[in-house]
Each structure stands twice: as structure tokens, then as C-alpha cells.
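Each remark here refers to the structure printed beneath this line.
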Amino acid sequence: MLPRKIQIQSLRIIEDEHRSLAAVLHGMLHMVREIREHDATPSFDAFGAMVYYIDAFPERFHHPKEDRYLFRLLRLRCPQAGALLDRLEEEHRIGAHKVRTLEQALARYQAGGDGEFPYFAAAVDDYAEFHWKHMGAEENEVLPLAKEHLTKEDWDTIDAAFLGHADPLVGIEAGTEFRGLFRRIVNLAPPPIGLGPEPKARRNG
Ligand SMILES: [Fe+2]
Ligand SMILES: [Fe+2]
């Protein structure tokens, strides 16, 4: 149990990383809805940047740090969290498959045209729904247990990992790289999601 005043940087970083992913998921859902309901022209550049971000950021960067640091230490300090952490680690593995499905659905939509749109839209809905639940469980179940059971030393270790100082697979440059990727999405996505070109309806009515 920690003294109340202590600042835990990794908690803020984890929540910020969840907000960034949520923003990208909202963006994709919005663009899919515009195509479905208003027959907007798809921006494959924006979809491509979003799927790339999802693969590069949560899948290769955020989840592995949760597994290796936050979940590992919480298992040691709070064995009763084991079943919850097993489930969330399994979801990290399932999420990796879902990103492949999303990538393939996007490639098929881009190459095959409108007939492939429903499959792509379903893959976006599925990934977004899956991740809301996943992030919700981490924020509402894991983080409260972590605040209660982890020690100051545990948080120092987790902070170092999430700040990018302690993880040789991630390195300190990664944060800058992901900010750049996020900016690219903002520049490509159509309004009101981003600053890209206004989407055009392909037919009237
Ligand atoms: Fe996670
Ligand atoms: Fe997470």
C-alpha cells in the first residue's frame, strides 16, 4: 500500500495510452459510419495509418509492457488477481490475431472494393468492442488492485518501463515515434476526426 501523495507516472501513462487508442478507434468507427450511412469515399491512407498504429502501438508496445511489468508484479503481490490477469493476458494474445484480421480485411476492401466493405466494417466493430472491454477491465479492476497492493519499488520498476527507460525492446525513442504516428493519423483523417480532406459522398440521396 502506498502513501496517498505519491505520484505514479505509469498510471497516468497507461491511461493516456488507453485514451490515444480510444481516439483512434473512435476515428475508425466514425469513418466506417460515414461510409455506411452517407456513402463517403473511403480514405485508405487514413485507415491504413490507423491500422498501422493499432498494430505498432498497443499490440507491440503497450500490452507487452503490461504483461512484463504491471501484471507480473501484481501477480506476486496479489495472487487472488491471478484469474483476472490470466484472462487479460489471453486477451493480449487474442488482440494480436484480431489486428491481423483487421489488416487483411482492410487489404481486401482496398483491393476488392465495396463488396468487401461489410467484412472490414465488422472487423473494425469487433476490434473496437473487444478493446473497450479490455481497457475497461484494466482501468476498473487491475489498476485499483495495483494501487492497493504494489509497493513503491514495484511502481519505480513499472514507471521506468512505461517511461521507456528500462525496456530494451522499446527504447526511449518509441514515445516520439508514436506521437509522430498519431500526428499522421490526425493529418490524414477527414474532419471532424482529423485535418485531412473533407470526405465526398459518392452519390446523392
Ligand atoms: Fe492490456
Ligand atoms: Fe492497457
Side-chain angles (χ1 to χ4, degrees), residues 2 6-29 49-103 123-151 154-182 185-186:
L2 289 167
I6 218 152
Q7 280 281 341
I8 305 169
Q9 302 199 69
S10 44
L11 284 178
R12 181 185 51 75
I13 296 171
I14 289 169
E15 286 174 352
D16 281 354
E17 290 181 357
H18 285 178
R19 295 295 86 80
S20 305
L21 174 59
V24 172
L25 294 176
H26 273 299
M28 287 192 101
L29 288 168
M50 287 165 157
V51 172
Y52 181 76
Y53 178 89
I54 288 170
D55 179 48
F57 181 66
E59 296 304 331
R60 290 175 201 250
F61 179 80
H62 175 87
H63 293 157
K65 283 190 297 181
E66 289 176 334
D67 288 340
R68 262 182 258 143
Y69 299 95
L70 177 66
F71 292 3
R72 179 177 63 79
L73 290 166
L74 186 56
R75 275 180 197 280
L76 289 175
R77 308 291 173 219
C78 176
Q80 63 272 34
L84 168 65
L85 297 173
D86 285 348
R87 192 187 92 214
L88 293 170
E89 284 187 2
E90 176 63 13
E91 286 179 6
H92 288 169
R93 284 189 284 276
I94 294 170
H97 290 291
K98 286 185 182 293
V99 175
R100 296 285 87 80
T101 305
L102 193 59
E103 273 174 357
V124 172
D125 285 343
D126 179 61
Y127 191 84
E129 166 92 19
F130 171 79
H131 249 88
W132 301 141
K133 287 204 187 116
H134 179 80
M135 293 190 288
E138 287 177 345
E139 294 191 17
N140 299 323
E141 298 177 62
V142 173
L143 296 184
L145 284 173
K147 283 186 218 169
E148 193 178 332
H149 294 280
L150 296 184
T151 65
D154 293 338
W155 284 116
D156 287 344
T157 306
I158 298 168
D159 277 357
F162 273 86
L163 285 163
H165 299 154
D167 195 325
L169 290 179
V170 169
I172 207 161
E173 301 304 322
T176 323
E177 189 188 324
F178 289 119
R179 271 193 297 281
L181 267 181
F182 196 81
I185 292 172
V186 170

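Bear in mind that the values here come from a model prediction, so they are computed numbers and not experimental data. For the numbers below, each heavy atom of this structure counts, side chains included, while hydrogens, waters and symmetry mates do not. Both ligands and their constituent atoms are indexed starting at 1 by order of listing.
Among all heavy-atom pairs drawn from H92 and F71, the shortest one is CE1-CE2, 3.6 Å. Nearest heavy-atom pair, K98 versus Y127, reported as atom, atom and distance to 0.1 Å: CB-CD1, 3.7 Å.
Ring planes of H63 and H134: perpendicular class, angle over 60° (limits at 30 and 60°).
Judged as a ring pair (Phe, Tyr, Trp, His ring centres under 6.0 Å), and not counting sequence neighbours, the contacts of H18 are H62.
Judged by distance alone, the side chain of D154 and the main-chain N or O of T151 form a donor-acceptor pair under 3.5 Å.
Protein N/O/S atoms nearer than 2.8 Å to the Fe ion (ligand 2) total 4.
We find the OH-CD1 distance between Y69 and I14 to be 12.5 Å, quoted to the nearest 0.5 Å.
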